[in-house]
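Side chains are part of it too, since the values below use all heavy atoms of this structure and drop only hydrogens, waters and symmetry mates. Please read all numbers here as calculations on a predicted model, not as lab measurements. Protein chains get the first letters and strands the later ones, always in sequence-line order, with residue 1 at the start of each.
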Amino acid sequence: MVTQSQEERRGEQTAVRLGPVGKGVRVLVAVVGIGLLINGSVRASDDAWPFGPMSQYAGSVADDASITFTRISAVTDAGTTVDVPLNIEGAGVARAEIEARTGEIVKDPSLLQQVADGWARKHPDKPKYVKLELIRDTTQLVKGRVEGPPTPEVLATWEVRK
Amino acid sequence: MRFANWFTPAIALARIAWLRTVLYLFVILDMHAFVRDTRDKGEHPGLYQPLLLARILDLPKPSVANTTTLYVVLIVFCLIGATNYFPRIAGWVVAPAFTWWVLIGMSDGKVDHDHLALVIALWVLPTVKAGSRGIASYGDQTKSEAAGWAIRCVQICVIATYFLSSIAKLRGAGWTLAWPNSAILTWAIVRRPHPVGEWLLHHPWMLHVMQWVGIIGEFCSPVILWLKGRWQLLGALFFLGFHAANTAILLIHFLPTVVCWLAFAPLERVVPWYRARSDRKAGEAEDQTEHGRQAEQQAGA
């Protein structure tokens, strides 16, 4: 009967050890990596990926905050008004990307053209978009609870080029 | 010296072999299920905004040619690496290629935080010299400090993902503890409504409890690096539960981090356990035939 500690000791004896240089370099790389991670979390932004801060859902939202949600509404050549599915399978662009670039889109609504192009390319048999509106919905919190339905606001409008 | 040894525990090479197979196959899944818009970005680089690393390395803008090449190279070399034949050559190709793939995928104003451990794992795995090839490598019990270092790096990155999340939450609140009492989960659910979340909106206190459990768990996560055996398993299960809750409430799965929890698992015991089990089964089967023969003889007598 071999006890676990004996087994471990035997393993230790046959272990492939690192030389001083190999070990030193590895420890140094690990320590520098940890340093970069800490630096990223304390001072950097997402730009420093993979050493940026882990800032997903790290913001604090006040009890009386207004929660905004950005979406794109489209008028189609079939005369209907639809919400553009903001994902890769839908219009080929994710909502987070649109939200991150809202300021740029407001300044230059022609950036919305690629949303229409993406939709047309991925769904050639569906009605085409003829007009796009970038809309911000605002939901009001009162004492941490949702108060009433969201208020929509049109931020940018784009007549789609054929 | 004790400090250096902590970074380089002697761990059986079999664990590296298992991680190679699982992680290289996971990369292929990831390219189709998670960071899956890289090739789309090659076709339409309009919103491309290179991240720091891409600017430092002066990486070319994504194009159909380079993203398609990346795709093919990744599939081929991940499949090779997963077999544990030529795992180091394959690994040194996959590491930079997948890093670039993810860099492009995240160069549009949104960065995900679930890829740290996976990307670092791909960079450290090829530093380990394999003792045996192919199938034999899954049972290789030779302990190696090089293997231990690679595994320790993955473990550190898994834990860092949680611990640094708690730091980001403190930083986001101006280095105060305002986050767990804030309406962050309410905000998240309003923006991504679904039945479980909408039910929870009526009970903000439950969301606050979850926020406290989350941030305390994340802040204490480094303890897991020093826990052993069952206690470490318990720590791992806590975070797997944490991910299950996140998936239910926020629709965020973090699978690229979850798969890297395998670096904590004693995968090197799989083959010995399986062998012992089949030996026992074979033994039992022999016993049974022996019994049967005896019974026949008795019946014949």
Side-chain angles (χ1 to χ4, degrees), chain A residues 11-12 14-18 22-24 26-27 29-31 33-34 37-38 40-42 44 46-65 67-69 88 92-101 111 113-114 117-118 121 139 141 143-146 150, chain B residues 3-4 7-8 10 12-13 36-37 40 44 46-47 51-53 99 102-103 106 108-113 115-116 119-120 127 131 141-147 149 152-153 156 160-162 164-165 167-169 171-173 178-179 182-188 190-191 201-202 204 250 252:
Chain A
E12 294 276 300
T14 56
V16 182
R17 303 255 163 225
L18 285 165
K23 189 173 240 182
R26 280 175 170 84
V27 173
V29 167
V31 171
I34 292 172
L37 281 171
I38 293 173
S41 280
V42 175
D46 270 347
D47 191 36
W49 186 89
F51 295 104
M54 300 290 165
S55 50
Q56 67 280 9
Y57 295 97
S60 289
V61 176
D63 267 359
D64 56 354
I67 301 172
T68 59
F69 178 74
I88 294 157
V93 58
R95 182 179 317 280
E97 296 176 31
I98 296 296
E99 297 202 317
R101 314 293 287 262
L111 286 169
Q113 178 68 32
Q114 62 182 303
D117 292 345
R121 191 177 65 250
T139 304
L141 288 189
K143 291 188 180 159
R145 283 173 188 269
V146 173
Chain B
F3 173 78
F7 284 97
T8 54
L13 286 167
R36 59 191 167 163
D37 54 350
D40 278 354
H44 306 276
L47 288 174
L51 292 171
L52 180 64
L53 193 56
T99 306
V102 180
L103 260 180
M106 294 187 184
D108 50 36
K110 180 177 177 273
V111 171
D112 293 328
H113 303 90
H115 273 74
L116 172 68
V119 167
I120 299 298
T127 65
Q141 298 298 318
T142 315
K143 291 194 171 185
S144 144
E145 286 187 328
W149 178 78
R152 186 66 94 199
C153 287
I156 290 171
T161 304
Y162 305 106
L164 297 177
S165 294
I167 299 300
K169 285 165 184 137
R171 178 183 166 191
W179 186 87
S182 84
I184 181 73
L185 283 182
T186 303
W187 175 84
V190 167
R191 289 167 42 86
L201 280 184
H202 299 293
L250 301 175
I252 291 178

So how far is it from Ile156(B) CD1 to Leu37(A) CG, rounded to the nearest 0.5 Å?
9.5 Å
Contact class of Asp40(B) relative to chain A, heavy atoms under 4.5 angstrom
side chain
I'd like to know which of His202(B), Glu145(B), Lys169(B) tops the heavy-atom pair count under 4.5 Å against chain A.
Glu145(B)
Side chain / backbone / both / neither for Ala65(A) at chain B, heavy atoms under 4.5 Å:
neither
Less than 4.5 Å to any heavy atom of chain B: does that hold for the side chain of Ala44(A), its backbone, both, or neither?
backbone
A side-chain contact here means heavy atoms from C-beta on lying under 4.5 Å apart; do Arg152(B) and Arg26(A) qualify?
no
May I ask you to decide if Tyr57(A)'s main-chain N or O and Trp179(B)'s side chain share a donor-acceptor pair within less than 3.5 Å?
yes
Which atoms of Ser165(B) are under 4.5 Å from chain A, going by heavy atoms: the side chain, the backbone, both sets, or neither?
both
Distance col, row Phe7(B):CZ vs Leu18(A):CG, nearest 0.5 angstrom, shows 13.5 Å
Heavy atoms, side chains only, cut-off 4.5 Å: are Val27(A) and Phe3(B) in contact?
yes
Interface moiety of Glu97(A) toward chain B, non-hydrogen atoms closer than 4.5 Å:
both
Who among Ile120(B), Thr142(B), Leu201(B), Asp37(B) has the most heavy-atom pairs with chain A under 4.5 Å?
Asp37(B)
Quick check for you: among Thr99(B), Leu116(B), Ile167(B), which has the greatest number of heavy-atom pairs under 4.5 Å with chain A?
Leu116(B)
What part of Ile252(B) lies closer than 4.5 angstrom to a heavy atom of chain A: side chain, backbone, both or neither?
side chain
Out of Gly59(A), Pro150(A), Ala94(A), which one racks up the most heavy-atom pairs below 4.5 Å with chain B?
Gly59(A)
For residues Gly144(A) and Pro204(B), report the shortest heavy-atom separation together with the two atoms involved.
O-CG, 4.1 Å
Relative to chain A, which of Ala147(B), Gly172(B), Cys153(B), Ser144(B) shows the most heavy atom pairs under 4.5 Å?
Ser144(B)
Per the side chain to side chain contact (heavy atoms under 4.5 Å, CB included) rule, which among Thr186(B), Ile184(B), Leu185(B) passes with Val61(A)?
Ile184(B)
By a 4.5 Å heavy-atom criterion (distance strictly below it), what part of Arg191(B) contacts chain A: side chain, backbone, both, or neither?
both
What part of Thr161(B) gets closer than 4.5 Å to chain A, counting heavy atoms only: side chain, backbone, both or neither?
both
Given a strict heavy-atom distance threshold of 4.5 Å, which part of Leu141(A) is in contact with chain B: side chain, backbone, both, or neither?
side chain
Who are the side chain to side chain donor-acceptor pair (under 3.5 Å) partners of Arg101(A), not counting sequence neighbours?
Glu104(A)
So for Ile98(A), is it side chain, backbone, both, or neither that comes closer than 4.5 Å to the heavy atoms of chain B?
neither
Give every donor-acceptor pair under 3.5 Å between a side-chain atom in residues 46-55 of chain A and any protein atom, sequence neighbours left out.
residue	atom	partner	partner atom	Å
Asp46(A)	OD1	His113(B)	NE2	2.9
Asp47(A)	OD1	Leu52(B)	N	3.0
Asp47(A)	OD1	Arg55(B)	NH1	3.2
Asp47(A)	OD2	Arg55(B)	NH2	2.7

Of all heavy-atom pairs linking Ala178(B) and Ser60(A), the shortest is C-OG, 3.9 Å
Honestly, the part of Arg121(A) sitting under 4.5 Å from a heavy atom of chain B is side chain
On a heavy-atom basis, which atom in Ala183(B) and which in Ala62(A) lie closest, and how many Å separate them?
CB-O, 3.9 Å
Bottom line for Ser41(A): the part with an atom under 4.5 Å from chain B's heavy atoms is both
